[in-house]
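The structure under discussion appears below in the form of structure tokens.
Lettering of chains follows the sequences in order, A, B, ..., and the numbering in each one begins at 1.
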Amino acid sequence: MSSKSSQNPASDNPNKQPESKSTLDEIRATRLEKVEQLKQEGLNPFAYKWELTHHAAELQETYADLAAGEEVDITVSIAGRITARRVFGKLAFFNLQDESGTIQLYLDKKQIQAKMSDLPNAFNILKKLTDVGDIIGAKGTIKRTEKGELSVKVNEFEMLTKSLLPLPDKWHGLTDTEKRYRQRYVDLIVNPPVRETFRRRAKITAAIRRYLDEQGFIEFETPTLLGEAGGADARPFITYHNALQMELYLRIATELHLKRLIVGGFEKVFEIGRIFRNEGISTRHNPEFTGLELYQAYADYNDIMILTENIVIAAASEVFDTLKVSYQNTEIDLNPPWRRVTMTQLVFDATGLDFENFQSFTDAEAAAKEAGIEISDNCKTIGQLLNECFEQRVEETLIQPTFVLDYPKEISPLSKPHRTKPGLVERFELFIVGRETANSFSELNDPIDQRERLEIQAAKKAAGDLEAQGVDEDFLAALEYGMPPTGGLGIGIDRLVMLLTDSPSIRDVIAFPLLKNTSAVIQSFDYDSEKKILKVEFVNGSIYKYNDVPEEIYTEMKATPSLGQFFNSRVRDKYGFDREK
RNA sequence: GGGUUGCUAGCUCAAUGGUAGAGUAUUCGGCUUUUAACCGACUGGUUCUGGGUUCGAGCCCCAGGCAACCCA
């Protein structure tokens with residue numbers, strides 16, 4: 001190693017001994033050495049800037065009809081990451097990838113040496129000091145090679161960023177899902193379709209914003225940190241504000257604040273923002289996700305159905321030429337109008353249970369049991385039972401876009417009673433591919449009724465229901481000033497993007513999905529027997545102090561054959577802690 | 001929360017309880033029209049972690065970690 005650093009590999013040295021450079025550490029060390037060698041050549045391995053005139057896709061398109069062997073004497077300047085190298089004695093081909101796509105670099109020794117006369121070693125630098133993964137800039141002319149590959153015939157190049165770590169296998173790529181999510185940047189480099197998915201996501205949200213703007217909606221940013229989390233049935237994340245000495249909740253919906261804005265006189269408001277729910281993780285759930293909520297004064301849920309169609313169509317039209325989209329090999333037809341059907345009708349069709357005619361919960365329960373519905377202990381009303389039947393028998397069958405109308409009052413504490421159907425509310429949910437994709441109601445604006453409903457929620461919460469809402473007094477005060485009749489809508493943007501990008505998992509449309517920390521390795525630990533504090537230092541440098549830990553734990557911990565396992569099962573999550581570092 | 005599967009070289013994957021291997025990448029040599037370039041040579045391992053059984057464990061047993069999928 002030390003003998004090598006004294007020589008200059010950029011010049012061909014026939015006496016060089018073969019060296020083993022195979023482990024990750026060795027590869028990295030070799031590349032760091034190349035960094036030094038670039039510096040010795042007077043080059044900056046981490047340059048400041050590159051003026052580019054074109055992108056790869058643009059050139060591919062412009063010169064699509066250029067015949068093999070033809071050249072165009074126009075100078076272009078491009079930049080990107082080297083994704084493949086094919087090096088010959090005095091000629092080399094690199095594939096260069098930029099955001100738009102890839103293009104080949106045609107690197108001819110004679111030409112480069114002639115044009116880069118102040119760097120006599122230029123071609124050898126290219127051969128010896130560049131690697132797949134490096135980011136370079138190149139200027140040259142356009143040439144389609146005899147083999148038909150459009151290329152930039154390079155006059156001059158510059159190393160812009162030397163890459164120190166090897167990229168995954170160019171043929172098999174990166175398939176390990178865990179690594180793809182934990183190191184999304186690598187995923188994005190080597191799996192171009194992933195970039196396309198996120199590009200589409202951005203287009204979809206932009207299209208929705210544009211459409212709503214055209215319709216006269218204005219966008220707000222309501223608070224994320226709240227003293228009380230309301231507007232949905234969900235368990236919130238709790239955090240703490242030191243200076244105010246108060247617990248705060250991360251929002252589980254934007255509903256209650258957007259409605260305050262309607263009270264304040266705005267007639268069309270919306271927010272596209274991050275929502276946090278302290279729930280499990282699945283292919284359809286991430287603890288933080290993006291919600292669109294909008295509220296339109298003087299509208300009811302019938303108006304909102306049409307608006308929902310228009311929003312989804314605006315989003316789909318942005319990324320497709322057709323409204324027939326394929327999701328996981330099923331064709332979904334988004335052409336409006338979408339099916340509109342009541343929950344009661346759907347449950348009747350699926351189970352034969354007629355919820356319009358049950359006189360008592362006991363009757364309904366008996367009939368549902370007969371039909372094979374599983375009834376949980378907290379299902380105590382006809383409305384809850386109707387919802388159970390719907391979830392168990394209908395939901396997953398709603399593949400084509402379907403508005404499910406008129407929900408039971410007791411599971412919809414913020415919606416207005418149905419104008420003709422007792423026990424139901426004016427609410428719809430949109431289902432596509434068996435998933436709830438949107439939720440809407442004619443908003444409840446009777447402050448007295450709203451208070452009663454929230455107090456029922458608060459009672460549930462007091463009884464231990466972690467998903468029930470509390471009473472937001474300020475929201476009720478706002479309603480008492482008067483909220484016009486209003487239609488509201490929530491759309492799960494991530495699920496919509498899943499549909500429009502054919503992604504099977506929500507993690508495929510969230511750039512950095514939440515993953516569990518890999519368990520920390522303990523460096524050392526110490527115990528203060530007077531204060532009963534166990535101090536643990538991890539190899540990543542962080543130090544935690546666990547409070548009120550009995551001395552036996554420390555004694556056992558010293559004796560255990562497996563420290564990490566003992567810590568995970570007996571200390572972590574068992575004692576309160578302060579993070580010291 | 002429950003179940004199933006997986007975790008081995010940078011990446012993709014093999015390996016009856018019996019010397020841990022291949023392809024690719026890296027390193028070195030050759031090559032002026034390549035497209036997963038090719039030819040030749042050399043390397044590269046905490047088999048996720050900790051115990052146990054065994055003469056011997058990547059493989060069997062126990063416990064734990066992480067992930068994917070399914071279910072609630």
Side-chain angles (χ1 to χ4, degrees), chain A residues 1 4 9 12-31 33-34 68-69 71 83-96 102-113 123 127-128 131-133 143-151 153 163-183 186-187 189-191 279-285 374 376 388 391-392 396 504-508 513-522 539 559-573:
Chain A
M1 196 80 94
K4 188 170 179 182
D12 291 332
N13 186 338
N15 298 323
K16 201 181 312 174
Q17 296 301 308
E19 287 180 54
S20 148
K21 296 287 168 191
S22 241
T23 68
L24 187 57
D25 283 343
E26 287 166 337
I27 289 169
R28 187 165 172 278
T30 304
R31 298 221 180 165
E33 218 170 290
K34 289 177 179 176
E71 295 191 34
T83 55
R85 300 167 77 239
R86 293 176 292 279
V87 179
F88 300 82
K90 291 166 183 163
L91 181 69
F93 299 95
F94 287 6
N95 290 355
L96 198 71
T102 62
I103 192 164
Q104 177 168 276
L105 300 184
Y106 181 107
L107 301 149
D108 175 53
K109 180 174 183 176
K110 229 184 276 176
Q111 182 172 348
I112 286 172
Q113 301 290 43
F123 191 76
K127 265 172 74 170
K128 299 291 180 184
D131 288 287
V132 166
K143 172 190 171 85
R144 190 175 291 281
T145 63
E146 279 73 13
K147 297 285 168 79
E149 188 72 26
L150 188 71
S151 309
K153 197 175 170 198
S163 166
L164 301 182
L165 296 173
L167 288 173
D169 193 292
K170 66 185 167 197
W171 183 239
H172 299 98
L174 184 68
T175 60
D176 183 312
T177 41
E178 184 174 354
K179 280 204 178 84
R180 287 186 46 224
Y181 296 147
R182 285 194 197 278
Q183 295 189 283
V186 178
D187 190 29
I189 292 168
V190 302
N191 294 323
E279 294 167 349
I281 296 178
S282 78
T283 48
R284 294 172 301 281
H285 300 85
E374 286 176 33
S376 68
E388 276 298 319
E391 287 183 355
Q392 288 181 34
E396 64 181 19
S505 167
I506 197 170
R507 291 179 212 98
D508 296 324
L514 185 65
L515 293 178
K516 209 162 171 176
N517 279 340
T518 48
S519 97
V521 180
I522 294 171
V539 289
T560 182
S562 170
L563 190 54
Q565 189 175 332
F566 181 87
F567 176 76
N568 281 331
S569 60
R570 303 287 298 280
V571 180
R572 189 165 124 179
D573 302 334

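Remark: A:T175 is in phosphate contact with B:U12, judged by side-chain N or O atoms under 4.0 Å from OP1 or OP2. For the OP1/OP2 pair of B:C11 and a distance below 4.0 Å, the side-chain nitrogens and oxygens of A:K179 include at least one atom meeting the criterion. Phosphate proximity of B:A68 to A:R507: present, with a side-chain N or O under 4.0 Å from OP1 or OP2.
Across all strands shown, B:C13 is found opposite B:G21 as a Watson-Crick or G-U wobble partner, with both distances under 3.5 Å. Base pairing annotation: B:U49 forms a Watson-Crick or G-U wobble pair with B:A63, both donor-acceptor distances under 3.5 Å. When both pairing distances are held under 3.5 Å, B:U4 makes a Watson-Crick or G-U pair with B:A68. Look at B:U54: it lacks any Watson-Crick or wobble partner with both distances under 3.5 angstrom.
One atom, CD1 of A:I281, and another, P of B:C71, lie 17 Å apart when rounded to the nearest Å. The CG-P distance, from A:L165 to B:G10, rounds to 12 Å in whole Å. What separates CZ of A:R284 from C1' of B:C69 is a distance of 11 Å, to the nearest Å. Rounded to an integer number of Å, the gap from A:K516 NZ to B:C48 C1' is 15 Å. One atom, CG of A:D187, and another, P of B:C11, lie 14 Å apart when rounded to the nearest Å. B:A37 atom P lies 12 Å from atom CZ of A:F93, rounded to whole Å. Rounding to whole angstrom units, CD of residue A:Q104 and P of B:A37 are separated by 11 Å. The separation between A:E26 atom CD and B:C28 atom P is 13 Å, rounded to whole Å.
In this structure a side-chain-to-backbone donor-acceptor pair under 3.5 Å is present from A:S282 to A:R284.
When each of B:A67, B:U33, B:C69 is scored by its nearest atom to the side-chain atoms of A:S505, the top-ranked nucleotide is B:C69. Of the candidates B:A37, B:G23, B:A68, the closest approach to any side-chain atom of A:T177 belongs to B:A68. Proximity note for A:W171 (side chain, C-beta onward) versus B:C11, B:A37, B:A36: the nearest is B:A36. Of the listed nucleotides (B:U27, B:C66, B:U33), B:U27 has the atom at the smallest distance from the side chain of A:D131. Each of B:G45, B:C70, B:A25 was ranked by its minimum atom distance to the side chain of A:K170; first place goes to B:A25. Proximity note for A:I27 (side chain, C-beta onward) versus B:C66, B:U26, B:C69: the nearest is B:U26. Distances were taken from every side-chain heavy atom of A:R86 (C-beta onward) to each of B:G10, B:A37, B:C13; the shortest belongs to B:A37. Residue A:L91 places its side chain closer to B:U32 than to any other of B:U12, B:U32, B:G10.
Atom P of B:G1 sits at a distance of 36 Å from the matching atom of B:U16, rounded to the whole Å. Across B:G56 and B:G18, the matching P atoms stand 14 Å from one another, rounded to whole Å. Across B:G30 and B:A37, the matching C1' atoms stand 14 Å from one another, rounded to whole Å. Using P as the reference atom, B:U49 and B:C66 are 15 Å apart when rounded to the nearest Å. Rounded to whole Å, the separation between the P atoms of B:G52 and B:G58 comes to 15 Å. One C1' atom belongs to B:G6, the other to B:U12, and the distance between them is 15 Å to the nearest Å. Taking atom P on both B:C38 and B:U24, the two are 8 Å apart, rounded to the nearest angstrom. B:U43 and B:A68: their P atoms are spaced 39 Å apart (whole Å).
Backbone-only contact: A:K34 has heavy atoms under 4.0 Å from sugar-phosphate atoms and none from a base. Nucleic acid contact for A:V132: none, since no nucleic acid atom lies under 4.0 Å from a heavy atom of the residue. Using a 4.0 Å heavy-atom distance criterion, A:G280 is classed as making no nucleic acid contact. Within the 4.0 angstrom heavy-atom criterion, no nucleotide atom of any strand lies near A:N95.
In this structure, A:K109 forms no cation-pi arrangement with A:F123, as its terminal cationic atom is not both closer than 6.0 Å to the ring centre and no more than 45° off the ring axis.
Under the 4.5 Å side-chain criterion, counting only non-hydrogen atoms from C-beta, A:R144 is not in contact with A:E149. You'll find the side chain of A:T177 stays beyond 4.5 Å of the side chain of A:R507, heavy atoms only.
Surrounding CD of A:E396 are at most 12 heavy atoms belonging to other residues, nucleotides or ligands under 6.0 Å away.
For the residue pair A:N95 and A:R85, no side-chain donor N or O sits within less than 3.5 Å of a side-chain acceptor on the partner. Looking only at atom types and distance, the side chain of A:Y181 has a donor-acceptor partner in the side chain of A:D508 under 3.5 Å away.
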